[in-house]
Colleague: 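Sharing a structure here in structure tokens format.
On a predicted model such as this, the values are computed, not experimentally measured, just so you know. What's counted below: heavy atoms across the whole structure, side chains too, no hydrogens, waters or symmetry copies. If you read the sequence from its start, that first residue is 1, and numbering goes on from there.
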Amino acid sequence: MKRLSVFLLLLLLLTGCEKQPTQTQTDEPETLSLPGKAYAAIFSNYNGSDLYWVARFKDGGKVEWSARSGSAYGTFINDVDVYPYTLKYPDITITRPSDGAVFRGAFVNFSLFRLTIRDYFGDYNTYEFVLLNE
């Protein structure tokens, strides 16, 4: 009888314990600091050379936006523009002041976000921007 009582007490203790959630490597905080980070997305292939959008985030809610040829670090195509952005993780919005175009997107994780951009033909295209190792 004593063994049965100990066994029941042990069983009660084991089944009564609530398992605590554990933090995994995939858990991410709800905030992301963008200043100092740069992301790039391939947007076209022209005459055998890849073309990239590069977004380099600065302080004050500004992003330097450029197009480059050959690689994300390649030759600039035209000038570097500065656009305002807003971030409410995971959502990001970038506005092009010259025509008021608004690019909307969302972070998949801190290393990747998808952004939808309306091109000059009126079509909406979604690009994947990957964090550059700098």
Colleague: How about Asp79: does its CG atom have over 12 heavy atoms from other parts shown lying under 6.0 Å from it?
Modeller: no
Colleague: Side chain to side chain contact (heavy atoms under 4.5 Å, CB included), that's the test. Do Tyr73 and Tyr52 meet it? Break it down for me.
Modeller: CA-CA 9 Å; Tyr73 302 99; Tyr52 292 80; over 6 Å; no
Colleague: Which value, rounded to the nearest 0.5 Å, describes the distance between Ser44 atom OG and Trp53 atom CH2?
Modeller: 9.5 Å
Colleague: Quick check: closest heavy atoms across Pro35 and Tyr85, and the distance to 0.1 Å?
Modeller: CD-OH, 3.9 Å
Colleague: Evaluate side chain to side chain contact (heavy atoms under 4.5 Å, CB included) for Phe113 paired with Leu32, printing each intermediate quantity in order.
Modeller: CA-CA 12 Å; Phe113 70 91; Leu32 167 66; over 6 Å; no
Colleague: Please report the shortest heavy-atom distance between Glu128 and Arg114, naming the atom on each side.
Modeller: OE2-NE, 2.7 Å
Colleague: Does the side chain to side chain contact (heavy atoms under 4.5 Å, CB included) test come out yes or no for Lys62 and Glu64, once each step is laid out?
Modeller: CA-CA 7 Å; Lys62 303 289 184 192; Glu64 290 181 351; over 6 Å; no
Colleague: CG/Leu51 to CD1/Ile42 distance, rounded to the nearest 0.5 angstrom?
Modeller: 7.5 Å
Colleague: At their closest point, which heavy atom of Val63 faces which heavy atom of Ala55, and how far apart are they?
Modeller: CG2-CB, 3.7 Å
Colleague: Might you point out which heavy atoms bring Val80 and Ser66 nearest each other, and give the distance in Å?
Modeller: CG2-CB, 4.0 Å
Colleague: For the residue pair Lys37 and Leu131, what are the closest heavy atoms and their distance?
Modeller: CB-CD1, 4.0 Å
Colleague: From the options Leu34, Asp91, Leu112, select the one residue that forms a side-chain contact (heavy atoms from CB on, under 4.5 Å) with Phe107.
Modeller: Leu34
Colleague: Supply the atom-to-atom distance Asp50 CG to Arg68 CZ, rounded to the nearest 0.5 angstrom.
Modeller: 14.5 Å
Colleague: Of the non-hydrogen atoms in Leu115 and Gly105, which two are nearest, and what is the gap between them?
Modeller: CD1-N, 3.6 Å
Colleague: Determine whether Tyr127 and Ile117 satisfy the following criterion, side chain to side chain contact (heavy atoms under 4.5 Å, CB included), listing intermediate values before the conclusion.
Modeller: CA-CA 8 Å; Tyr127 301 95; Ile117 299 173; 3.8 Å; yes
Colleague: Just verifying a value: how many Å separate Leu87 CG and Ile94 CD1, rounded to the nearest 0.5 Å?
Modeller: 10.0 Å
Colleague: For a 4.5 angstrom cut-off between non-hydrogen side-chain atoms, does Phe129 reach Ile92?
Modeller: no
Colleague: Would you please test Trp65 and Phe103 for ring pair (Phe, Tyr, Trp, His ring centres under 6.0 Å) and show each step?
Modeller: CA-CA 12 Å; Trp65 189 267; Phe103 310 149; 5.7 Å; yes
